[in-house]
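See below for the structure under consideration.
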Amino acid sequence: FRTNDTLGRGRAVFGGGYASSSPYPELKTLDMVNITTTGNAVDFGDLTVARSAGGGGGNATRGIFAAGRQPGPTGDQSTIDYVTFSSGGGANDFGDLNNLPNTIGGFSDSTRSIFSGGYDARNSPYPGTSKQTFVNIASTGNSADFGDKVDAGRSETTFSNATRGFQMGTSTQGASPSNLDEIEMTIIQTKGSSVIFGELAGDNFLTGSLQCFGGAASQTRGIIFNGKNSPSASRNVIEYLTLATFGNSVNFGDQLTSGSSSGVTATGNQIRAVVRTSSANNGNTLEYVTIATTGNATDFGDLNVGRRTYGSVCDSHGGLG
């Protein structure tokens with residue numbers, strides 16, 4: 001069994017987002033929890049640019065936040081930041097994405113972070129992109145081409161184990177947007193395109209576009225939080241995916257808090273998955289589940305700053321082996 005030292009310190013950082021009242025300004029806020037315990041988050045400093053940043057994973061030393069958006073038609077961001085988990089001093093500039101996707105997915109192993117999908121926020125009808133790019137976590141610099149995801153668009157829920165990255169719940173955007181149930185898989189150390197791994201369970205469980213950015217995984221199981229089955233449906237569903245074999249997700253349990261709007265994010269170490277729920281624009285509720293079991297979520301604590309937030313990273317996630 002791996003020691004906590006091997007898996008990192010158990011720190012998770014929640015990054016960016018936007019404030020709860022009009023005109024809903026973008027925030028630089030970073031706050032941190034220790035996943036191995038429960039309790040409230042503490043201030044961790046700031047991102048270099050205020051935005052709703054996406055998480056791109058990281059290793060036991062660094063967490064990567066990439067892209068994001070600010071208000072307005074040219075508010076998309078190419079910025080990549082990194083945080084050093086052992087400090088509390090905020091983010092540093094890492095480089096830039098070589099494209100301008102809005103609302104990306106992200107996952108990593110211990111050496112490589114991949115940024116996937118999104119949509120073009122500058123050109124109506126805002127088509128989705130299938131592009132994937134990557135960076136080497138230990139260095140700094142701009143992202144390079146990796147390959148393509150199967151379906152162009154935004155796949156909010158992502159996680160990885162030591163070899164595979166997973167993304168699901170794609171919204172295709174564009175003139176005729178649709179929400180897809182497909183789960184895609186990428187081999188992190190092999191440049192190339194994703195493949196279809198399975199589907200979300202659907203029916204009485206998760207259907208279509210998910211409303212949770214990020215996810216959590218061990219080496220064998222990934223946790224999928226919170227979705228909706230129509231534009232106004234409120235869901236508190238949790239599913240899990242077995243990562244070793246191709247197949248569909250199945251029911252895990254329920255969150256304490258349901259939601260039909262975005263601004264949810266999740267992360268975790270290889271024991272626990274922690275989710276910021278979508279109780280309100282200014283919501284700060286954190287819940288957790290134990291990945292190896294099934295059952296309903298338990299209260300974890302609160303974020304330091306209540307807000308909608310779209311990015312979270314951890315120093316001991318499933319991609320670290």
(message) Please check: side-chain N/O of His317 versus main-chain N/O of Ala12, any donor-acceptor pairing under 3.5 Å?
(response) no

(message) Is there a side chain to side chain contact (heavy atoms under 4.5 Å, CB included) between Lys131 and Asp145? Walk through the geometry before answering.
(response) CA-CA 8 Å; Lys131 187 172 184 178; Asp145 289 340; 2.9 Å; yes

(request) Determine yes or no for a side-chain-to-main-chain donor-acceptor pair under 3.5 angstrom, with Asn40 supplying the side chain and Asp302 the backbone. (result) yes

(message) Measuring only between side-chain heavy atoms, which start at C-beta, is Leu320 closer than 4.5 Å to Asn59?
(response) yes

(message) Parallel, tilted or perpendicular, judged at 30° and 60°: which one describes the rings of Phe159 and Phe166?
(response) tilted

(request) Without swapping roles, check the side chain of Thr186 against the backbone of Ser194 for a donor-acceptor pair under 3.5 Å. (result) no

(request) Let me know which of Lys191, Gln167, Lys149 forms a side-chain hydrogen bond (donor to acceptor under 3.5 Å, both in side chains) with Gln132. (result) Gln167

(request) Over all heavy atoms of both residues, which pair between Phe146 and Ile188 is shortest? Give the atoms and the distance, please. (result) CE1-O, 3.4 Å

(request) Establish whether Leu303 and Leu27 are linked, either directly or via other cluster members, by ILVMFWY side-chain heavy-atom contacts under 4.5 Å. (result) no

(request) Mark yes or no for whether Asn34, through its side chain, and Arg11, through its backbone, hold a donor-acceptor pair below 3.5 Å. (result) no

(message) Show the nearest heavy-atom pair for residues Glu26 and Ser52, with the distance to one decimal.
(response) OE1-OG, 2.8 Å

(request) Check the pair Ser312, Thr265 against side chain to side chain donor-acceptor pair (under 3.5 Å), reporting the backbone distance first and the verdict last. (result) CA-CA 6 Å; Ser312 50; Thr265 188; 2.8 Å; yes

(message) Please report the interatomic distance OG1(Thr298) to CG(Leu256), rounded to the nearest 0.5 Å.
(response) 6.5 Å

(message) Working to the nearest 0.5 angstrom, can you tell me the gap between Ile80 CD1 and Asn142 CG?
(response) 6.5 Å

(request) Apply the test side chain to side chain contact (heavy atoms under 4.5 Å, CB included) to residues Met32 and Leu30: give CA-CA distance (whole Å), side-chain angles for both, the deciding distance (0.1 Å), then the verdict. (result) CA-CA 7 Å; Met32 184 270 293; Leu30 295 169; over 6 Å; no

(message) Within this structure, what is the CG-CD distance for the pair Asp254 and Glu287, rounded to the nearest 0.5 Å?
(response) 10.5 Å

(message) Please check this pair: side chain of Thr48 against backbone of Asn92, looking for a donor-acceptor N/O pair closer than 3.5 Å.
(response) no

(request) Would you mind reporting whether Asn304 and Val42 have side-chain heavy atoms less than 4.5 Å apart? (result) no

(request) Please tell me if the side chains of Gln189 and Thr111 come closer than 4.5 Å, counting only heavy atoms from C-beta onward. (result) yes

(request) Using atom types as modelled and distance alone, determine if a side-chain donor or acceptor of Arg221 lies under 3.5 Å from a backbone N or O of Thr293. (result) yes

(request) With the side chain counted from C-beta on, respond yes when Val195 and Phe197 share a heavy-atom pair under 4.5 Å apart, and no when they do not. (result) no

(message) Any non-hydrogen side-chain atom of Ile64 less than 4.5 Å from a side-chain atom of Ser108?
(response) no

(message) Given 3.5 Å as the limit, does a donor-acceptor pair link the side chain of Asn236 with the main chain of Gln255, or not?
(response) yes

(message) Determine whether a donor-acceptor pair (N or O, by modelled atom type, separation under 3.5 Å) exists between the side chain of Arg164 and the backbone of Met185.
(response) no

(message) Is there a path of hydrophobic side-chain contacts, each under 4.5 Å between heavy atoms, that joins Leu47 and Val13?
(response) yes

(request) Rounded to the nearest 0.5 Å, what's the gap from CZ on Phe107 to CD1 on Ile114? Could you check? (result) 4.5 Å

(request) State, without any angle test, whether Arg154 and Tyr119 hold a side-chain donor-acceptor pair at a distance under 3.5 Å. (result) no

(request) Might you point out which heavy atoms bring Ala217 and Ser160 nearest each other, and give the distance in Å? (result) CB-O, 3.5 Å

(request) Indicate whether any N or O donor in one side chain lies under 3.5 Å from an N or O acceptor in the other, for Ser143 and Thr133. (result) yes

(message) Ignoring hydrogens, what is the shortest heavy-atom contact between Ala67 and Ile104? Give both atom names and the distance.
(response) CB-CD1, 3.8 Å

(request) Provide the closest heavy-atom pair for Ser316 versus Gly10 in the form atom of the first, atom of the second, distance. (result) OG-CA, 3.6 Å

(message) Using modelled atom types and a 3.5 Å cut-off, is there a donor and acceptor pairing between side-chain atoms of Thr157 and backbone atoms of Cys212?
(response) yes

(request) To the nearest 0.5 Å, tell me how far Phe115 CZ sits from Thr158 OG1. (result) 11.0 Å

(message) Assess the residue pair Val305 and Phe14 against the criterion (side chain to side chain contact (heavy atoms under 4.5 Å, CB included)); give the C-alpha distance rounded to whole Å, side-chain angles, the decisive distance to 0.1 Å, and a yes or no.
(response) CA-CA 10 Å; Val305 177; Phe14 296 82; over 6 Å; no

(request) Treating Ile, Leu, Val, Met, Phe, Trp and Tyr as nodes and any side-chain heavy-atom pair under 4.5 angstrom as an edge, say whether Val275 and Ile291 lie in one connected cluster. (result) yes

(request) Evaluate side chain to side chain contact (heavy atoms under 4.5 Å, CB included) for Phe225 paired with Val264, printing each intermediate quantity in order. (result) CA-CA 9 Å; Phe225 288 104; Val264 183; 5.6 Å; no

(message) Between Phe134 and Ile187, is there shared hydrophobic-cluster membership here, with clusters defined by ILVMFWY side-chain heavy atoms closer than 4.5 Å?
(response) no

(message) For the residue pair Arg272 and Tyr288, would you count it as a cation-pi contact if the rule is NZ or CZ under 6.0 angstrom from the ring centre and within 45 degrees of the ring axis?
(response) yes

(message) Quick check: is Phe85 connected to Tyr82 through a chain of hydrophobic side chains (ILVMFWY, heavy atoms under 4.5 Å apart)?
(response) no

(request) May I ask you to test the Thr172-Leu180 pair for a side-chain heavy-atom distance under 4.5 Å? (result) yes

(request) Kindly indicate whether the side chain of Asp31, heavy atoms from C-beta on, has any atom under 4.5 Å from the side chain of Arg307. (result) yes

(request) To the nearest 0.5 Å, tell me how far Phe252 CZ sits from Ile224 CD1. (result) 11.0 Å

(message) For a 4.5 angstrom cut-off between non-hydrogen side-chain atoms, does Leu200 reach Ile183?
(response) yes

(message) Looking at Arg51 and Asp81, is any side-chain nitrogen of the basic one under 4.0 Å from a carboxylate oxygen of the acidic one?
(response) yes

(message) Which heavy atom of Thr257 sits nearest to which heavy atom of Thr285, and what is that distance?
(response) OG1-CG2, 4.4 Å

(message) So does Glu199 get a backbone contact from the side chain of Asn248, meaning a donor-acceptor N/O pair under 3.5 Å?
(response) yes

